[in-house]
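A note on names: the letters A, B, ... follow the listed sequences, proteins ahead of strands, and every chain is numbered from 1.
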Amino acid sequence: MLEIYNSLTRKSQPFSPLDAKNVRLYVCGMTVYDYCHIGHARVLVVFDVIYRYLTHIYGADHVTYIRNITDIDDKIIARANERGLNITELTEEFITAMNEDARALGVLSPNQEPRATAHMPQIIEMIQALVNKEYAYQAENGDVYYAVAKFEAYGQLSGRQLEDLRAGARVAVDEAKRDPLDFVLWKSAKPDEPHWDSPWGKGRPGWHIECSAMSTHCLGNHFDIHGGGMDLKFPHHENEIAQSCGATGEAFANVWMHNGFVQIDNEKMAKSLGNFFTIREVLERYDPEVLRYFILSSHYRGPLNYSNVHLDNSKNALTTLYTALRGIEIDESLLAPSEYSSRFFAAMDNDFATSEAQAILFELAHEINKLKIDQAMMAARYATELKSLAKLLGLLQRDAEDFLQAGQSGELSADEIEQKIAQRNQARADKDFALSDRIRKELQDAGVVLEDGAGSTSWRRE
RNA sequence: GGCUGGGUGGCAGAAUGGCUAUGCACCGGAUUGCAAAUCCGUGUACCUCGGUUCGACUCCGGGCCCAGCCUCCA
């Protein structure tokens, strides 16, 4: 039985979907004005695994996963201006880049990736509903604000009281607002800013409304899971609840999930601190699967401390797993879930304990290595099981040799390596071990490790 | 100040009221022409102070420390 930690109730609860034939998941995706960093990689990978696992439980056609794209906001406008582009040129560029990054990381496509700019009618409709119900008002300056005090449950997600928020408010008081906590739903356009027509004049949506409008539009008023990074809990998600519940009068998401931050030297990785890495920078040095493995090596709610040492560690771990699979013919017809599968599922059922699930993969690899010696059939059976479990994490789906021998440009080519190996094996046949060892050393210096097996020599890159 | 999480062996990272996590690294052995891989094996822990208990790393309470949010942010 799957249990999920719900940020709303602050405890783990058995998950039961509103409709098991259509489990609905919405995740706040990216605001597209720059390349994705490792923090974004974490959201992508974590929710990809959640999506995979829900699909495993409820069936491929019974999960709807929506990950939105915010393609209009202040930062986008500012960045487009800096670069002399219109906002569409800018956002298209980074949406393409994001999709490349996601694909490299083995992230499955969500069922839909709705964009804010393509949902203006839904956004305006929701704001109108809020105005009609007097949850929102248009101020003197033309902006439309949400009147936070009107929504009784405000603060339930983040565990805050309105009074505490007011006391701690560091927001410069905006004269147009009735209450400093009110937030903007519709911003009237300044000259030269991108804008859309609305009942409140030309303008653009505020930051939070697009997610309320798109999730409702794609999944209905009331759905199962809403996720995103920790930092979105307040104010973004708190405001979404206020907007959606206010507008529809119905419950919104049942379960709220928030993934923890990526840190560097135990400090939050953030653009403002200048200590972030983009996904593509990391992929220049590491195989994308290594990054994926690393992300899944800690629980999604905890912090994830990034460092090269940790990625090296992940690479070694993945090498161990692929080595076990090496040379074994995967045969789906052999698949017979064993005790390892039950333990793997038990781990995943426990709020997606991926690091624990990974541990099971190693035990399977261990088992395979032992069986490999004289029970090929059993080894193949477990290897098939290993691969099928790992698939739920989006790992180990490549051919083992492909992973182990994957290299960077500028290194020795596979052909060159094979030639050296042939020379060395000739030397070995001639008992010229001095030459043989020289060739081994030469390859080793080039980052290639040789492994002499029975009758043949295999190799991998370090 | 308010609100969230968290403090486990050299590093990373889980579970659990009494018994082995797991990975990487390290050490010893097997194996190898030499290696690598693999197998076998050893070692290193549970922030602190109280309490509950026959027994707590695991439950409860106080303290200390760390990170995050309260302002754009995955």
Side-chain angles (χ1 to χ4, degrees), chain A residues 5 7 10 27-31 33-34 36-47 73-75 78 155 157-161 163-172 181 207 227-236 238 258-263 266-273 276 293-294 297-299 301-305 307 309-310 312-321 323-324 326 343 346-347 350 353-363 365-366 368-370 372-373 404 428 431-434 436-437 440-441 444 448-453 457-460 462:
Chain A
Y5 180 87
S7 301
R10 292 177 194 81
V27 172
C28 287
M30 265 40 94
T31 300
Y33 68 100
D34 207 341
C36 291
H37 58 231
I38 313 174
H40 297 119
R42 192 175 192 193
V43 193
L44 289 169
V45 169
V46 160
F47 284 99
D73 95 320
D74 291 354
K75 285 192 294 290
L157 176 64
S158 50
R160 283 151 217 248
Q161 308 290 323
E163 282 316 308
D164 295 337
L165 285 167
R166 292 204 181 91
R170 280 186 266 160
V171 195
L181 298 181
W207 173 35
M230 287 281 293
D231 50 344
L232 296 182
K233 200 161 157 186
F234 188 89
H236 186 60
E238 192 72 63
H258 294 97
N259 66 272
F261 277 114
V262 176
Q263 306 181 337
N266 294 312
E267 201 177 45
K268 173 184 173 180
M269 185 182 80
K271 291 189 180 178
S272 53
L273 296 170
F276 71 96
Y293 179 95
F294 167 67
S297 68
S298 75
H299 187 85
R301 278 189 288 124
L304 180 63
N305 214 334
S307 77
V309 174
H310 295 154
D312 289 339
N313 197 325
S314 295
K315 190 209 157 112
N316 288 341
L318 216 38
T319 298
T320 299
L321 293 174
T323 300
R326 200 176 208 180
R343 289 172 54 214
N350 181 16
T354 52
S355 57
E356 206 185 324
Q358 282 177 339
I360 311 291
L361 301 184
F362 283 96
E363 294 182 33
H366 212 56
I368 293 166
N369 284 332
K370 279 187 274 193
K372 249 180 177 177
I373 305 165
L404 296 168
R428 290 171 73 211
K431 304 275 185 218
D432 184 354
F433 296 120
S436 160
D437 289 347
R440 175 198 289 290
K441 180 73 168 54
Q444 193 174 24
V448 176
V449 180
L450 300 186
E451 294 169 7
D452 293 328
T457 298
S458 54
W459 61 276
R460 67 186 157 88
E462 279 206 310

| note | d(A:Leu318 CG, A:Ser297 OG) to nearest 0.5 Å is 11.0 Å

| request: Could you give the distance separating B:U52 and B:G62 at their C1' atoms, to the nearest angstrom? | output: 15 Å

| Any side-chain heavy atom of A:Leu321 sitting closer than 4.5 Å to one from A:Gln358? | no

| message | Are A:Met269 and A:Arg42 packed together at the side-chain level, in the sense that at least one heavy-atom pair is separated by less than 4.5 angstrom? | response | no

| said: Please report the distance, rounded to the nearest Å, between CD in A:Glu363 and C1' in B:G23. | reply: 11 Å

| task | Calculate the interatomic distance between A:Lys441 atom NZ and B:C34 atom P; express it in whole Å. | result | 19 Å

| said: Measuring only the C1' atom in each nucleotide, how far is B:A14 from B:C72? A whole number of Å is fine. | reply: 35 Å

| Donor-acceptor pair (no angle test) under 3.5 Å: A:Asp437 side chain, B:G33 base | yes

| field | Listed nucleotide nearest any side-chain atom of A:His310, set B:G68, B:C11, B:U4 | value | B:C11

| message | Once you apply a heavy-atom cut-off of 4.0 Å, does A:Val46 come out as touching a base, just sugar-phosphate, or nothing? | response | nothing

| Using a cut-off of 4.0 Å on non-hydrogen atoms, how would the nucleic acid contact of A:Gln358 be classed: base, sugar-phosphate, or nothing? | nothing

| said: Can you check the distance between B:G9 and B:C26, where both ends of the measurement are the C1' atom (answer in whole Å)? | reply: 13 Å

| field | Complementary nucleotide for B:G68 - Watson-Crick or wobble, under 3.5 Å | value | B:C3

| What does A:Gly39 touch in the nucleic acid at a heavy-atom separation under 4.0 angstrom: a base, only the sugar-phosphate, or nothing? | base

| query | B:C39 and B:G23: how far apart are their P atoms, nearest whole angstrom? | reply | 9 Å

| query | Who does B:C59 pair with, Watson-Crick or G-U, both distances under 3.5 Å? | reply | B:G51

| Spacing between A:Arg343 atom CZ and B:U20 atom P, to the nearest angstrom | 13 Å

| task | Remember a base hit wins even if backbone is also touched, and classify A:Tyr5 as base, sugar-phosphate or nothing at under 4.0 Å, heavy atoms. | result | sugar-phosphate

| said: I want to check one thing: is the phosphate of B:C69, taken as OP1 and OP2, less than 4.0 Å away from some side-chain N or O of A:Lys268? | reply: yes

| query | Is A:His299 touching bases, backbone alone, or none of the nucleic acid, heavy atoms closer than 4.0 Å? | reply | sugar-phosphate

| query | How would you label the contact of A:Phe362 with the nucleic acid (heavy atoms, under 4.0 Å): base, sugar-phosphate, or nothing? | reply | sugar-phosphate

| field | Nucleotide nearest A:Asn313 when distance is taken to its side chain, options B:C69, B:G5, B:G23 | value | B:G23

| query | Does the side chain of A:Glu363 reach to within under 4.5 Å of the side chain of A:Arg343, using non-hydrogen atoms? | reply | yes

| request: Can you tell me, in whole Å, how much space there is between the C1' of B:U22 and that of B:G18? | output: 22 Å

| task | Using whole Å, report how far CD of A:Gln161 lies from C1' of B:C69. | result | 16 Å

| query | Given that A:Pro303 and A:Ala359 both sit by RNA chain B, which one's nearest nucleotide is further toward the 5' end? | reply | A:Pro303

| said: One thing to verify: whether A:Asp452 and A:Arg428 come together as a salt bridge, which I'm taking to mean a side-chain N less than 4.0 angstrom from a carboxylate O. | reply: yes

| message | Nearest 0.5 angstrom please: A:Lys441 NZ to A:Leu450 CG, how far? | response | 13.0 Å

| NA contact type, A:Phe234, heavy-atom cut-off 4.0 Å: base, sugar-phosphate, or nothing? | sugar-phosphate

| said: Go through it in stages, so that I can follow the logic: the residues are A:Met230 and A:Lys268, the test is side chain to side chain contact (heavy atoms under 4.5 Å, CB included), and I'd like the CA-CA distance, side-chain angles, deciding distance and then a yes or no. | reply: CA-CA 12 Å; A:Met230 287 281 293; A:Lys268 173 184 173 180; over 6 Å; no

| message | For the C1' atoms, the ones on B:A56 and on B:C46, what distance do you get once it is rounded to whole angstrom? | response | 11 Å

| Within a strict 4.5 Å, meaning less than it, do heavy atoms of the A:His236 and A:Glu238 side chains meet? | no

| field | Complementary nucleotide for B:G9 - Watson-Crick or wobble, under 3.5 Å | value | none

| task | Output, in order, the C-alpha distance, side-chain angles, deciding distance and verdict of side chain to side chain contact (heavy atoms under 4.5 Å, CB included) for A:Met30 and A:Leu44. | result | CA-CA 10 Å; A:Met30 265 40 94; A:Leu44 289 169; 3.7 Å; yes

| Reckon A:Ala317 touches a base, only the sugar-phosphate, or nothing at all at heavy-atom distances under 4.0 Å? | sugar-phosphate

| B:C47 versus B:A67 - spacing of their C1' atoms, nearest Å | 16 Å

| task | Nearest whole angstrom, please: distance from the P of B:C70 to the NE2 of A:His258. | result | 13 Å

| query | What one-letter contact string describes nucleotides 35-42 of chain B from 5' to 3', where B marks a base within less than 4.0 Å of any protein heavy atom, S marks contact via sugar-phosphate atoms alone, and - marks no contact? | reply | BBSSSS--

| request: Report yes if the side chains of A:Phe276 and A:Val262 come closer than 4.5 Å at any heavy-atom pair, otherwise no. | output: no

| query | Does B:U20 pair with anything, Watson-Crick or G-U wobble, both distances under 3.5 Å, and if so, with which nucleotide? | reply | none

| query | In whole angstroms, how far is the P atom of B:G6 from the CD atom of A:Gln263? | reply | 14 Å

| field | Whole-Å gap separating C1' (B:U4) and CG (A:Leu165) | value | 13 Å

| task | Could you state the atom-to-atom distance from CZ of A:Phe261 to C1' of B:C66 in whole Å? | result | 16 Å

| Is there a Watson-Crick or G-U wobble partner for B:G41 with both distances under 3.5 Å, and if so, which one is it? | B:C27

| B:U20 to B:U71 separation - C1' atoms, rounded to the nearest Å | 49 Å

